Asker: 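Below are the structure tokens for one structure; questions will follow.
Computed from heavy atoms alone, side chains included, the values below leave out hydrogens, waters and symmetry copies. These numbers come from a predicted model, not from an experiment. Every chain is numbered from 1 and lettered A, B, ... according to where its sequence line falls, protein lines coming before strand lines.
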Amino acid sequence: MLQLQTLRDNKDTIIAALQKRNIDAAPIVDSVLLLDEKRRSTQTELDNTLAESNKLSKEIGNLYKTGKAQEANVLKEKTGTLKEDSKRFGDELNAITEQLQQLLYQIPNVPHESVPAGSTEDDNEEVFKEGDIPVLKEGSLPHWELAKKYDIIDFELGVKIAGAGFPVYKGKGARLQRALITYFLDKNTEAGYTEMQVPHMVNEASGYGTGQLPDKEGQMYHIGADDLYLIPTAEVPVTNIFRDEIVNEQDFPICMTAYTPCFRREAGSYGAHVRGLNRLHQFDKVEIVRVEHPEKSFDALDGMVEHVKNILRELKLPYRILRLCGGDLGFTAALTYDFEVFSTAQDRWLEISSVSNFETYQANRLKLRYKDENGKSQLAHTLNGSALALPRVLAGILENYQTAEGIQIPEVLVPYCGFDMIK
RNA sequence: GGAGAAAUGGCAGAGUGGUCGAAUGCGGCAGUCUUGAAAACUGUUGAGGGUCACACCUCCGGGGGUUCGAAUCCCUCUUUCUCCGCCA
């Protein structure tokens, strides 16, 4: 959520920047500013009314104490209209505040200056590319075929138990999953991220805190009986650790990592590109989350990008990094780098990580602040990234590491797997 | 699931109708002392709105109510603790 003060001070710049997202924010920003003014004037009226009745109440109290009940009763009568007024102003204020809040929820984050203009993923800017794309021999298979051939992932079994998009990993497939999770967590903790285990369901307040609500309401599984949401990413519970918190400036950087399953309804996204592991309702992901000083957050973002690069180098997977264009940028992000691995047998790039800086957008919703050197509360910056999302990494490994003899296990994973080949 | 108790500032903990944004202790910060540190002493120390700055307003788990006036009384929800039951 954008800060009102910033919106007041930089209205035109913000509207101009939001054009990169291909939206004309002018009308909504105008309504916000108008409502804000109304809010403040109503607040003042309410405050004045309350101040007066506070004063009267004190007088009445003093009169009673000095035994002047008669005079007190006279004053009491005057409080009637004040009460009505304050009730009226109060209700009005609540309504305006609610309205204002709803409008603010609808304005996405302001893209960083480096975000390229554009409307679709085709306009994303490739900023880095590394690793050799293996040339596969005749008869090489996409991962869903490999999964079947070596009996390591059973998609049909998942359909039977839950539905499409809930694969069952078997034997060495399951072990490889676990190996990847442990390997990622080890890499992250080595880099200074503290490992966390967090709830896989969150309440409504958490959903609002990180911005999944109300924007992506339909993308999360909702448990009606208890009003909880299955997490679409560990970002939600991990970042919400710091909801309503004021941290010390010297606590920065706050670095956390967590493995969780992720649940996404993926409503409406069916088609040729969702085969196999490409798009699932439940998948595993190891996430890194940072809370940062505003001046350091973009350095931190670069650091996170380097960190993910290192992991992909170790796995020896060909990948590229994209800077998302305005049209593809997530609602809450100011700047996002997507990592994609090349899936050789499918001959396409698969997104495996998304690293973002949210600046104060989430922090404002979360009320995540820090004390600056003058002792004043300031909003912190939040960032997160996948390090990494499992299924597509797995798809990349299966396809790129396939040989006539079987699937080779990347060297760094062998100690975690206990085998070096899936035959 | 049943019965009871409780929810106050970073923490502990007082406060049962007005002078309470809230005693006291610990912690934090600043200072005195000290070569430095510790101890001791002194001062300071919640959040938000509002204002050029003051004033002023709101917040004692959430919501509603009683009252001229509520941390304090009533209703309700949530959470925590204790006991019983069930159970990984």
Asker: Under a 3.5 Å cut-off for both distances, is B:rA39 Watson-Crick or wobble paired, and to whom?
Answerer: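 The answer is none; no pair meets the criterion.
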Asker: Taking the P atom of each, how far is B:rC74 from B:rG25, in whole Å?
Answerer: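 After rounding to an integer number of Å, I get 32 Å for this pair.
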Asker: Whole Å only: how far is the CG atom of A:N364 from the P atom of B:rG48?
Answerer: 12 Å
Asker: When you measure from the centre of the six-membered ring of A:Y150, is the NZ or CZ of A:K172 closer than 6.0 Å and no more than 45° off the axis?
Answerer: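 No cation-pi geometry.
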Asker: Below 4.5 Å, heavy atoms only, C-beta onward: do A:L277 and A:F283 meet side chain to side chain?
Answerer: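 No; the side chains remain at least 4.5 Å from each other.
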Asker: Could you tell me the Watson-Crick or G-U partner of B:rA88, where both distances fall under 3.5 Å? Say none if there is no partner.
Answerer: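 Matched B:rA88 with nothing under the 3.5 Å cut-off.
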Asker: Scan every strand shown for a Watson-Crick or G-U wobble partner of B:rC54, both distances under 3.5 Å, and answer none if you come up empty.
Answerer: none
Asker: For A:I96 and B:rG49, give me the distance from atom CD1 to atom C1', rounded to whole Å.
Answerer: 14 Å
Asker: Take atom CD of A:E249 as the centre, draw a 6.0 Å sphere, and report whether it contains more than 12 heavy atoms from other residues, nucleotides or ligands.
Answerer: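 Yes, the 6.0 Å shell around CD holds more than 12 heavy atoms from other groups.
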Asker: Looking at B:rU58, I'd like to know if its phosphate oxygens (OP1 or OP2) sit under 4.0 Å from a side-chain N or O belonging to A:N54.
Answerer: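 For B:rU58, OP1/OP2 do have a side-chain N/O of A:N54 under 4.0 Å.
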Asker: So if I take every side-chain heavy atom of A:Y64 and compare against B:rG18, B:rG48, B:rG50, which nucleotide ends up nearest?
Answerer: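 From the listed options, B:rG18 comes nearest.
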Asker: Looking only at N and O atoms, is any donor in the side chain of A:D47 or the base of B:rG49 less than 3.5 Å from an acceptor on the other one?
Answerer: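 Such a pair is found, so the answer is yes.
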Asker: Does any nucleotide pair with B:rC59 by Watson-Crick or G-U wobble geometry, both distances under 3.5 Å, and what is it?
Answerer: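 Across all strands, the one nucleotide that pairs with B:rC59 is B:rG46.
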Asker: Measure CG/A:N203 against C1'/B:rC77 and give the value in whole Å, please.
Answerer: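 Between C1' of B:rC77 and CG of A:N203: 15 Å.
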Asker: Assign each of A:K76 and A:R369 to its nearest nucleotide of RNA chain B by heavy atoms, then name whichever residue's nucleotide is nearer the 5' end.
Answerer: A:R369
Asker: Is there a Watson-Crick or G-U wobble partner for B:rG25 with both distances under 3.5 Å, and if so, which one is it?
Answerer: B:rC11
Asker: Can you check the distance between B:rA12 and B:rG61, where both ends of the measurement are the P atom (answer in whole Å)?
Answerer: 14 Å
Asker: Paired with B:rU34 by Watson-Crick or G-U wobble geometry, both distances under 3.5 Å: which nucleotide is it?
Answerer: none
Asker: With rounding to whole Å, what would you report as the distance between B:rG31 and B:rA39 at their C1' atoms?
Answerer: 16 Å
Asker: Measure the distance from NZ on A:K87 to C1' on B:rG63 and round it to the nearest whole Å.
Answerer: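 After rounding, the reported distance stands at 13 Å.
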Asker: Do the side-chain N or O atoms of A:S53 get closer than 4.0 angstrom to the phosphate oxygens (OP1, OP2) of B:rG69?
Answerer: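 For A:S53, the contact criterion (side-chain N or O under 4.0 Å from OP1 or OP2 of B:rG69) is not met.
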Asker: Expressed as a whole number of Å, how far does the C1' atom of B:rG50 sit from that of B:rC57?
Answerer: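 The same atom, C1', in both gives a distance of 8 Å.
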Asker: When you compare B:rG15 with B:rC20, how far apart are their C1' atoms, in angstrom units rounded to a whole number?
Answerer: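 Here B:rG15 and B:rC20 have their C1' atoms 9 Å from each other.
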Asker: In whole angstroms, how far is the P atom of B:rG49 from the CD atom of A:Q5?
Answerer: 9 Å
Asker: Look at all strands and tell whether A:L50 reaches a base, only sugar-phosphate, or nothing, counting heavy atoms closer than 4.0 Å.
Answerer: sugar-phosphate
Asker: Where the side chain of A:N22 meets the backbone of A:G118, is there a donor-acceptor pair that is under 3.5 Å apart?
Answerer: yes
Asker: Is the side chain of A:N188 donor-acceptor paired with the backbone N or O of A:I288 at a distance under 3.5 Å, no angle test?
Answerer: no
Asker: Could you state the atom-to-atom distance from CD1 of A:I246 to P of B:rG48 in whole Å?
Answerer: 5 Å
Asker: Just checking A:N48: base, sugar-phosphate only, or nothing, at a heavy-atom cut-off of under 4.0 Å?
Answerer: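 Counting heavy atoms under 4.0 Å across all strands, no contact is made by A:N48.
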Asker: Hey, what do you get for CG (A:L388) to CD (A:E351), rounding to the nearest 0.5 Å?
Answerer: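 Answer rounded to 0.5 Å: 11.0 Å.
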Asker: By nearest heavy atom, map A:T79 and A:K371 onto RNA chain B; which one lands nearer the 5' end?
Answerer: A:K371
Asker: Would you measure the distance from the C1' atom in B:rC11 across to the matching atom in B:rG18 and give it in whole Å?
Answerer: 30 Å
Asker: To the nearest angstrom, how far is A:N62 atom CG from B:rC68 atom P?
Answerer: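 It works out to 17 Å between those atoms.
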Asker: Mind checking who B:rU79 pairs with, Watson-Crick or G-U wobble, both distances under 3.5 Å?
Answerer: B:rA6
Asker: Indicate whether OP1 or OP2 belonging to B:rG69 is found under 4.0 Å from a side-chain N or O atom of A:K83.
Answerer: yes
Asker: Picking from B:rG49, B:rU58, B:rA47, which would you name as closest to the side chain of A:R39?
Answerer: B:rG49
Asker: Consider the side chain of A:R40, meaning its heavy atoms from C-beta on, and name the nucleotide among B:rC68, B:rC56, B:rU51 that approaches it most closely.
Answerer: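 Closest nucleotide among those given: B:rU51.
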Asker: Can you tell which of A:Q212, A:E204, A:E217 makes a side-chain hydrogen bond (donor to acceptor under 3.5 Å, both in side chains) with A:Y229?
Answerer: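 That would be A:E217; it is the only one of A:Q212, A:E204, A:E217 passing the side-chain hydrogen bond (donor to acceptor under 3.5 Å, both in side chains) with A:Y229.
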Asker: What's the gap between B:rC54 and B:rA47 when it is taken at their P atoms, as a whole Å value?
Answerer: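 Pairwise P distance, B:rC54 against B:rA47, rounds to 15 Å.
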Asker: Which one is paired to B:rC68, where only Watson-Crick or G-U wobble pairs with both distances under 3.5 angstrom count?
Answerer: B:rG18
Asker: If you draw a 6.0 Å radius around CD in A:E77, do more than 12 non-hydrogen atoms from other residues or ligands fall strictly inside?
Answerer: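 Counting other residues, nucleotides and ligands, CD of A:E77 stays at 12 neighbours or fewer.
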Asker: Please report the distance separating the C1' of B:rA88 from the corresponding atom of B:rA3, rounded so that it comes out in whole Å.
Answerer: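 Each nucleotide's C1' atom is 25 Å from the other's.
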Asker: Can you tell me the distance, in whole Å, between the CD atom of A:E45 and the C1' atom of B:rA55?
Answerer: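 That distance rounds to 17 Å.
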